[in-house]
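Structure first, commentary second.
In listed order, ligands and their atoms are each counted from 1.
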Amino acid sequence: MDKEISQAVIARLPRYFRYLGELKDSGVERISSQELSRLMHVTASQIRQDFNNFGGFGQQGYGYNVEYLYTEIGKILGLDKKHHLIIIGAGNLGQALANYMNFERRGFIFTGVFDINEKLHGKMIRGMKVRPMEEMQEFVRENNIDIAVLTIPKEGAAAAAEKLVGMGIKAIWNFAHVDLDVPDSVQVENVHLSDSLIKLSYMINQYENELEEKEKNASGEA
Ligand code: NAI
């Protein structure tokens, strides 16, 4: 693909992929951009524009083949390959992620869990034993681990990231509230659930302000 695809388009692909996966699972074979638009609450022209970045994926008017679209978007997202993950930090968040079965359906295989707290060592989390940090290097090498999930407090995150980079990890899914300084060869996705919650607060505010405005206008007109 020669053309540079905008980050905004890339950011929308996981959502398309999720909806198409659900359609596929419920036996839908074809879908038009209008139907997909209604389902996803985005305009049909946005969908067509997004898909045009990748050659269109199907004939207009006739709709898209759901299975084909799902597979092609999956390939763009690199989901046709399996990724092996380890979790660093077997606390509340680490355990919740390890126990969420759906990641596996997308090809993300949780393979190991590590923690600094020796009281947790040997504890089983979804069939995986919590291991000491000292075993991490050998484990990463032997199990072809490409992604590390950091669910530890920010104080330990930089040192953990440095170790992981040294072990040749390809990517870090970073839940620690700190920006990591890693080489360009290592991909980092920072997750801040609170950003999403704060956005919700903004949406409540915005809705209520609009409602108030409408009520004011209506009483002014009366
Ligand atoms: P937790 O206290 O239940 O678990 C943290 C675990 O990390 C503990 O088992 C601890 O022994 C281990 N740990 C600490 N330092 C370590 C190190 N250097 N190496 C390996 N293991 C280490 O905490 P919880 O609730 O699981 O949260 C984990 C972190 O994730 C917190 O710092 C929190 O701020 C952050 N967090 C981030 C969210 C986000 O959206 N980004 C959402 C929730 C929590």
Taking only heavy atoms of [X] into account, list the atoms of ligand 1 that are under 4.0 Å away from them.
X: His192; result: 40 (O), 41 (N)
X: Asn117; result: 11 (O)
X: Gly89; result: 7 (O)

Inset, instruction - State, with a plain yes or no, whether a side-chain heavy atom of Ile147 is found less than 4.5 Å away from one of Ile172. - result: no
If you have a sec, work out which protein heavy atom is nearest [atom] and how many Å separate them, to one decimal?
atom: atom 40 (O) of ligand 1; answer: Leu193 N, 2.6 Å
atom: atom 24 (P) of ligand 1; answer: Leu93 N, 3.9 Å
atom: atom 38 (C) of ligand 1; answer: His177 NE2, 3.7 Å
atom: atom 35 (C) of ligand 1; answer: Phe175 O, 3.8 Å
atom: atom 22 (C) of ligand 1; answer: Ile152 CG2, 3.3 Å

Can you check which of [options] brings a heavy atom nearest to [atom]?
atom: atom 5 (C) of ligand 1; options: Leu120, Asn174, Thr151; value: Thr151
atom: atom 32 (O) of ligand 1; options: Ala160, Pro153, Ser194; value: Pro153
atom: atom 21 (N) of ligand 1; options: Val178, Ile87, Ile116; value: Ile116
atom: atom 9 (O) of ligand 1; options: Asp115, Ile88, Leu150; value: Asp115
atom: atom 4 (O) of ligand 1; options: Ala96, Gly91, Gly156; value: Gly91

Using the ring of each side chain (for Trp, its six-membered ring), is [X] parallel, tilted or perpendicular to [Y], with breaks at 30° and 60°?
X: Phe175; Y: Trp173; result: perpendicular
X: Phe57; Y: Tyr68; result: perpendicular
X: Phe114; Y: Phe139; result: perpendicular

Legend entry - Within 6.0 angstrom of Asp195 CG, more than 12 heavy atoms from elsewhere: yes
Inset, instruction - Please confirm whether Asn92 comes within less than 3.5 Å of ligand 1 when only nitrogen or oxygen atoms on both sides are compared. - result: yes
Legend entry - Heteroatom distance test (Met133, ligand 1): nitrogen or oxygen, under 3.5 angstrom: no
Legend entry - Asp50 (side chain) donor-acceptor with Val9 (main chain) under 3.5 angstrom: no
Inset, instruction - Look only at the side chain of Asn143 and the backbone of Ile145, and say whether a donor-acceptor pair between them is shorter than 3.5 Å. - result: no
Legend entry - Evaluation steps, ring-ring contact (aromatic ring centres under 6.0 Å, His included), between Phe51 and Tyr16: CA-CA 10 Å; Phe51 291 177; Tyr16 287 125; 4.9 Å; yes
Can a salt bridge be assigned to the pair [X] and [Y] using a cut-off of 4.0 Å between side-chain N and carboxylate O?
X: Asp179; Y: Lys154; answer: no
X: Glu104; Y: Arg126; answer: yes
X: Lys75; Y: Asp80; answer: no

Have a look at ligand 1 and work out which part of [X], if any, has a heavy atom under 4.0 Å from it: side chain, backbone, both or neither.
X: Gln95; value: neither
X: Val191; value: backbone
X: Glu155; value: neither

Inset, instruction - Look up atom 19 (N) of ligand 1 and tell me if a protein heavy atom lies less than 4.0 Å from it? - result: yes
Legend entry - Pair Ser32-Glu35, side-chain donor/acceptor within less than 3.5 Å: yes
